[in-house]
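All remarks here apply to the structure that follows.
Every chain is numbered from 1 and lettered A, B, ... according to where its sequence line falls, protein lines coming before strand lines.
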Amino acid sequence: MQKLTVKNFDLAQTLESGQIFLYTKINGWYLITAKNKLFKIRQNGNKMEFDGADKKFITNFFALDEPYEKILSAIDKDEIISAAIENHYGLRIMRQDPWECAVSFVLSQNSNIPRITKNISSLCNEHGKELRLGNQTAYAIPLPKEIANSRKLSSMSLGYRESYLRELAKKTNTEKLRKLEKLSFEQALEKITELPGIGDKVGQCILLFSLGQHSAFPVDVWIERAMKQFYNLDSGLTSKHIQTLGRTYYGKYAGYAQQFIYHYSRNNKHLFSEEPEVSIV
DNA sequence: CGTCAGGTAGCCA
DNA sequence: TGGCTACCTGAC
């Protein structure tokens with residue numbers, strides 16, 4: 001068991017903000033499968049306890065070395081985002097493995113959380129390396145080579161995502177995706193959306209959650225609804241418009257704003273029946 | 001039953 | 001560019 005003292009970090013807010021799918025809560029511990037590892041972690045105030053990973057890994061994975069207050073003040077433009085930040089203070093954008101992130105979000109498209117989790121889990125159980133922690137067992141997100149020619153893939157109920165995933169596995173991997181870290185956001189997005197099954201939304205999720213592109217502003221149905229409602233935007237705007245607007249309005253760390261708004265809207269569904277509060281256009 | 005779900009790709013004006 | 005539409009599957 002290892003320990004770490006943290007500040008400006010909330011484990012539950014971070015894990016439950018929809019960035020990752022492979023975690024479960026058991027007896028007060030979060031059991032997490034990520035980066036080819038199975039580890040457990042819990043938080044009590046500013047004290048973290050964990051097993052199966054070291055301090056360096058935890059610090060990096062949860063981005064505990066980011067200048068949190070600086071990021072928040074950069075995106076804190078109005079009372080809407082302020083409320084979202086206040087409600088979910090301590091939420092951070094994690095640093096996932098880009099291949100694992102790509103697999104997760106390709107499988108997430110046009111689906112729902114229970115099904116996404118089921119799909120990813122069965123993919124891992126049938127293809128991934130066995131991981132252990134004490135008496136717990138789990139399976140890693142499979143590597144490209146473990147997917148590319150798999151015959152079991154068609155029994156995972158992935159639907160049309162199956163061919164996206166298989167073709168993706170033939171075309172890319174963690175090392176190739178890492179090259180997008182150094183590019184500008186625009187170039188990185190252009191490159192990543194050339195890959196099969198990766199469009200604007202999934203591409204920006206990967207850029208944001210695993211490639212350090214913090215100005216990415218992925219727009220899904222929740223963000224689109226929330227932005228239109230919260231900021232009283234024209235209902236005819238497309239997700240592309242919202243995307244551009246979000247990036248422009250929130251700036252360098254727009255991705256953090258997106259994550260706060262996303263989590264806030266999902267946890268406060270009643271807000272959608274109220275009057276919009278702020279106009280920014 | 002129909003609708004919807006953390007979209008993408010392909011086609012057409 | 002912008003506006004359709006088909007698409008696997010299962011939860012609700």
Side-chain angles (χ1 to χ4, degrees), chain A residues 13-23 84 88 91 93-94 96 98 100-123 126 141 147 150 152-172 186 189-211 213 216-230 233-247 254-269 271-272:
Chain A
Q13 297 286 359
T14 300
L15 288 174
E16 290 169 16
S17 64
Q19 302 178 53
I20 62 167
F21 298 97
L22 292 182
Y23 68 91
H88 304 295
L91 187 169
I93 306 250
M94 289 180 270
Q96 299 183 48
E100 292 184 354
C101 190
V103 171
S104 303
F105 282 90
V106 163
L107 295 187
S108 81
Q109 65 187 61
N110 201 17
S111 187
N112 50 65
I113 306 284
R115 186 180 171 208
I116 296 165
T117 309
K118 176 177 161 282
N119 281 165
I120 299 177
S121 302
S122 55
L123 175 77
E126 294 298 324
I141 292 184
I147 292 176
S150 162
K152 286 184 282 187
L153 207 56
S154 45
S155 58
M156 316 269 93
S157 301
L158 304 180
Y160 54 80
R161 300 161 200 81
E162 179 190 337
S163 56
Y164 291 161
L165 185 61
R166 193 189 294 281
E167 295 311 306
L168 189 65
K170 290 176 182 169
K171 289 202 165 83
T172 194
E186 288 77 9
L189 183 62
E190 195 181 324
K191 281 290 174 196
I192 203 165
T193 51
E194 286 172 4
L195 293 168
I198 299 183
D200 248 10
K201 192 272 174 181
V202 170
Q204 293 204 38
C205 282
I206 301 167
L207 292 181
L208 178 59
F209 299 144
S210 70
L211 292 167
Q213 298 275 2
F217 195 82
V219 176
D220 58 35
V221 293
W222 285 92
I223 289 291
E224 185 170 333
R225 270 200 295 260
M227 292 296 283
K228 284 178 178 172
Q229 169 76 18
F230 295 167
L233 302 175
D234 180 350
S235 61
L237 290 181
T238 63
S239 62
K240 183 74 186 168
H241 291 131
I242 310 262
Q243 207 181 98
T244 310
L245 188 148
R247 277 174 48 74
Y256 269 85
Q258 185 272 359
Q259 207 49 208
F260 278 107
I261 299 273
Y262 177 80
H263 201 27
Y264 186 53
S265 64
R266 290 198 67 128
N267 283 277
N268 297 277
K269 292 172 184 169
L271 291 172
F272 293 105

Over all heavy atoms of both residues, which pair between S150(A) and R166(A) is shortest? Give the atoms and the distance, please.
O-NH1, 2.8 Å

Does F21(A) have its ring centroid less than 6.0 Å away from the ring centroid of F105(A)?
yes

Nearest heavy-atom pair of L208(A) and I93(A): which atoms, and what distance?
O-CG2, 3.5 Å

Could you check if a side-chain atom of Q204(A) sits within less than 4.5 angstrom of a side-chain atom of Q243(A), using non-hydrogen atoms only?
yes

At 4.0 Å (heavy atoms only), tell me whether T238(A) reaches a base, stays on the sugar-phosphate, or touches nothing.
sugar-phosphate

Can you tell me how far apart CD (E224(A)) and OG (S265(A)) are? Round to the nearest 0.5 Å.
12.0 Å

For DNA chain C, just give me the dot-bracket, please: Watson-Crick or G-U, both distances below 3.5 Å, ( ) intra-strand, [ ] crossing earlier pairs, | paired with another strand, . unpaired.
|||||||.||||

Close residues, residues 159-167 of chain A, relative to DNA chain C [heavy-atom separation under 4.0 Å]
G159(A), Y160(A), R161(A)

Identify, with sequence neighbours excluded, every residue that meets side chain to side chain donor-acceptor pair (under 3.5 Å) alongside D220(A).
none

Distance-only donor-acceptor hits, side chain of residues 153-161 of chain A, under 3.5 Å, sequence neighbours excluded:
| residue | atom | partner | partner atom | Å |
| --- | --- | --- | --- | --- |
| S154(A) | OG | R151(A) | O | 3.4 |
| S155(A) | OG | K152(A) | O | 2.7 |
| Y160(A) | OH | N110(A) | ND2 | 3.1 |
| R161(A) | NE | Q109(A) | O | 2.8 |
| R161(A) | NH1 | L158(A) | O | 2.9 |
| R161(A) | NH2 | Q109(A) | O | 3.1 |
| R161(A) | NH2 | N110(A) | O | 3.1 |

Quick one: label P218(A) by what it contacts on the DNA or RNA (base, sugar-phosphate, nothing), any heavy atom closer than 4.0 Å.
nothing

Considering non-hydrogen atoms only, spot the tightest contact between A84(A) and F260(A) and give its length.
O-CD2, 3.6 Å

Taking the P atom in each of dT8(B) and dA11(C), what is the distance between them to the nearest angstrom?
23 Å

Chain A vs DNA chain B, heavy-atom contacts under 4.0 Å, first-to-last nucleotide span, 5' to 3', is dA5(B) to dA9(B)

Looking at M94(A) and Q19(A), what are the two nearest heavy atoms and their distance?
N-OE1, 2.9 Å

How many angstroms lie between OG1 in T172(A) and CD1 in I192(A), if you round to the nearest 0.5 Å?
7.5 Å

From C101(A) atom SG to I206(A) atom CD1, the distance as rounded to the nearest 0.5 Å:
5.5 Å

Tell me which residues in residues 103-119 of chain A put a heavy atom below 4.0 Å from DNA chain C, sorted by number, or none.
N110(A), N112(A), R115(A)

What's the gap between dG6(B) and dG3(C) when it is taken at their P atoms, as a whole Å value?
24 Å

Pick one: which of Q259(A), R266(A), H88(A) meets side-chain hydrogen bond (donor to acceptor under 3.5 Å, both in side chains) with S17(A)?
Q259(A)

Does some side-chain heavy atom of P218(A) sit less than 4.5 Å from a side-chain heavy atom of I223(A)?
no

Hey, does G197(A) reach any base, or is it just sugar-phosphate, or nothing, if we go heavy atoms under 4.0 Å?
sugar-phosphate

By nearest-heavy-atom nucleotide on DNA chain B, the more 5' of P196(A) and Q258(A) is Q258(A)

